[in-house]
Amino acid sequence: MFRNLKIKTKIFIAFFITGLILTSIGVAVFYYSSTEFIKTAIYDSLEGTAESSARHVETFLEDKKILAENLALIGKVEKVLLNSSDVNVLAVEERLQKTVDSVEEIASIAVINELGIIIVSTNKNLVGIDRSKNEAFLYGKEYTYIQGVNFTLEGTEEPIMFVSTPVMKDNKLLGVVVMRLTTKKLNAIILYKTRASETGELYLINEESYAITPLLFTEDAILKQKIDNAGSRDCLKDLKKYYIEKESEVEKHEEEVKPYLDYRGKKVIGTHAYVAEMKWCLMAEIDEEEALSPLRWIFWIAIGLSLFLFITIYSIANWISRKISKSIIDLRHGAEIIGKGDLDYKVVIDSKDEIGDLSRAFNNMVLDLKEAKKDVDKKVKEQTKLIREQRDKISTVLHSIGDGVFVVDRDFKITVFNKEAVNISGFSEKEVIGKKYDETLKFILEKNGEVNSEFIKKAMQTGKIVEMSNHTILITKNGKKVAIADSSAPIKDKNGKIVGCVAVFRDVSRERRISQMESEFVSVASHQLRTPITAIQWLMEIVLRKEKISKKGREYLDGVHSSAIRLNALVDLLLNVSKVEAGKIDVSFAKSEIVEIVKRCLDESKALFAKKEITVVFKEYPKTLNVVTDNNLFRNILQSLISNAVEYTLKKGKIEVSLEKKPKSFVLIVSDTGIGIPKKEQATIFDKFTRASNAKLMKTDGTGLGLYFTKQVVGLLGGKIWLESEKDKGTAFYVELPLNLKTKAKD
Amino acid sequence: MAKSKIVLVEDDEILSKVIYEELKDAGFDVMQAFDGEEGLKLIRSKKPNLVLLDIILPKKNGFEVLEELKKSPDTQDIPVIVLTMIGKDEDIKKGLRLGANDYIVKSQHAIAEIIEKIKAFFEKEQHPKAEQLQETGKKRKIKVKWEK
């Protein structure tokens, strides 16, 4: 489908899509890297803040430690612990109070003796209380110890811290100084907000994961809110490493900035720092939403950028595609004009690029075409002249042909109609050309007047030349009937496909008349011949019967008589042959009893057999043989075979006649012991004017027409005739005829 | 019994003579006509017992004669045997169709055979007559066309 678009569109789409893809990738990359960048920046910032805060806290704690240690070094404090009389408890108390007053976060300071009893305290109520079980005291005996944030000893909801330090004199423990601190200052350090953020917060959590500084989003969380999230867990895990596995430094592994859910359940970006000595984690968190808020406007920048690029790319793509395709369009336009025939048009494209080259080549091609066209035109003129001359020649030939010729196309419409066709049919060329041939030319069958156009249809269908026997009549324009002989041949193209038919027809009226005259002549002549012959026969008959004649005379007259009889038979044969060839023998159907006919025939020829002393046997035959055939013609066949058998069998020979009944036919067999027919001549013995060579020796005269005629008659009766013979041994003729000629004829 | 009268219509003189002589020898009364018109006249006037009619005749041919004979009531009952030269033709069919009783093909028979045939014809004719005399009042259906 892409193939079918115009070049302009193709270029445009290519450009545009490329641009679009690049832009999308660019914007996506930009956006993604921005996100990461921002995340990292935030994270680093958080980290920095956390770290610095942690240090801050450590410094604060350190300060307090030093403060405590300094207090422990005060002479008065020593003395009071030694129970020295020099010193006044009150004075120590005053001194301690000065520190309390000057340092805001210190709530109270107490001096505890080695037994754990508070002997001096800025909080007078506490003097004398036993703190020997206190962590602060216990650890304070060893080193400067800070006790983490807890609720007050009295159970009030105020978080406090203790800093305790041992008082030593000459390496001997005198007591412990304990400072009680509020967490106000600590909180103040922590509650420093990260720059201009709204959700960013720092808070401390102790090793039990409880918050020990206030939380932004939860009131009264100190020591009540357990902070258990990914960040806190990480931190505490690392702390543990430090303490349990005593790794030199808590490694901060580089992690990707992964937001996690804070104590509110909101997604935050957070990091942590350690106040290792206190086992505290300093958590720095900021809501992811807030952290990534810059992204929002980055997103919109990206959109704006994309849109801008989109428009730019679109315009550029459009412009380029238009520019390129314009040249092509000009070229095509030029081609159209030239194609329409204006070979003088020149396509003008100035550019030096490939399209310019193409257009120049194109113009050259057009010039060549012009030249070539001139040549072709000239040649065509010459050829047309030649073709016209040839066509005229053919036309002349066609119209000079003595037969009527017409050509039909595949639709049976006449395309050619020559002069003789016009003459015979009476229609002019104009009247028949272009119309179906049977609209004007009526060919009918002579015998029943039915339309006969088989000869054309058959040729068209079978692709073979068809000749119709001359029983066709053409009805001329005037309604006159003209006997014609016609044939048609298919016209095939070079692939052998039939594209038409050429039909030739000839007026055969004259030929017919001649043939009619011939048969009339034969008929009349034979009639004329018969009369005198019959006269001779009869007169001879009477003379021989009634008159007294000498022996010699009788002999001669016998000869005359038999000659006359022979002559009669010959004339009969000649007439029959001419009739059968003219198709003038009518075949009738009648019920006949063949056995009876054969018997009678044999009876009638008794004299004939007696003359040559030939024995004739009607050998095998069914009781009755009822058939439907033409009796006379059958008798004709029988007589012909019998007379041949007698003729060519020597004196005292034998003739056998048999009849065989078969399911649909019957066979007549006439066999003799005569001279036989040589094998070589057996195939041609039924031909006209053919006599066997040995027959000529036996009987010099003979027409060679007998068997010819018999075969024709057998054919007319729908049968077959064949023979078996051996020279000098004898001959057997077989004639097979259908039992019912009528029904066979219907087939 | 009176001699049976035969009218012979045959144009060939020799053939006519032979037939005439032989029929006479056989005991028939024969009258000759040599063309169609003469034949008609003769038959109409003599009213024979049998007509032997050739087909090819001058003036009027055998078929025309036959037709006219069968048309008029006083001659239509006279039996006619057609004489032809050629056997099994349209001629014979036509003749029989027009009302001839039988046919003889001259060229295929000896004269003696022909005479025999004519004699047999008369015998056949007489037979039904005899039977009729015997059975008075009873009308019998016989194959023969004519009944006297």
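Any value given below was found using the heavy atoms of this structure, including those in side chains, with hydrogens, waters and symmetry copies removed. Lettering of chains follows the sequences in order, A, B, ..., and the numbering in each one begins at 1.
Crowding of K24(B) atom NZ: a count of heavy atoms from other residues, nucleotides or ligands under 6.0 Å not exceeding 12. The number of heavy atoms from other shown groups lying within 6.0 Å of NZ (K591(A)) does not exceed 12. The local environment of NZ in K70(B) is crowded, with over 12 non-hydrogen atoms from other residues, nucleotides or ligands closer than 6.0 Å. For NZ of K688(A), the number of neighbouring non-hydrogen atoms (other residues, nucleotides, ligands) closer than 6.0 Å is greater than 12. More than 12 heavy atoms of other residues, nucleotides or ligands lie within 6.0 Å of CD in E593(A), so this atom counts as buried by the packing criterion. Within 6.0 Å of NZ in K47(B) there are more than 12 heavy atoms belonging to other residues, nucleotides or ligands.
Annotation for I14(B) and A535(A): closest pair CG2-CB, 3.8 Å, computed over non-hydrogen atoms. Annotation for R545(A) and A112(B): closest pair NH2-CB, 3.9 Å, computed over non-hydrogen atoms.
Side-chain atoms of K546(A) and E22(B), non-hydrogen and from C-beta on, do get closer than 4.5 Å to each other. In this structure, I19(B) and W538(A) have side chains that are in contact, with non-hydrogen atoms separated by less than 4.5 Å.
Here the CG atom belonging to L575(A) is positioned 9.5 Å from the OG atom belonging to S107(B), to the nearest 0.5 angstrom. Rounded to the nearest 0.5 angstrom, Q528(A) CD and I56(B) CD1 are separated by 8.5 Å.
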Subject >> Stepwise side chain to side chain contact (heavy atoms under 4.5 Å, CB included) check, T531(A) with K106(B) >> reply: CA-CA 9 Å; T531(A) 311; K106(B) 288 178 274 185; over 6 Å; no

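Chain B forms the most heavy-atom pairs under 4.5 Å with one residue out of L633(A), I542(A), I565(A), and that residue is I542(A).
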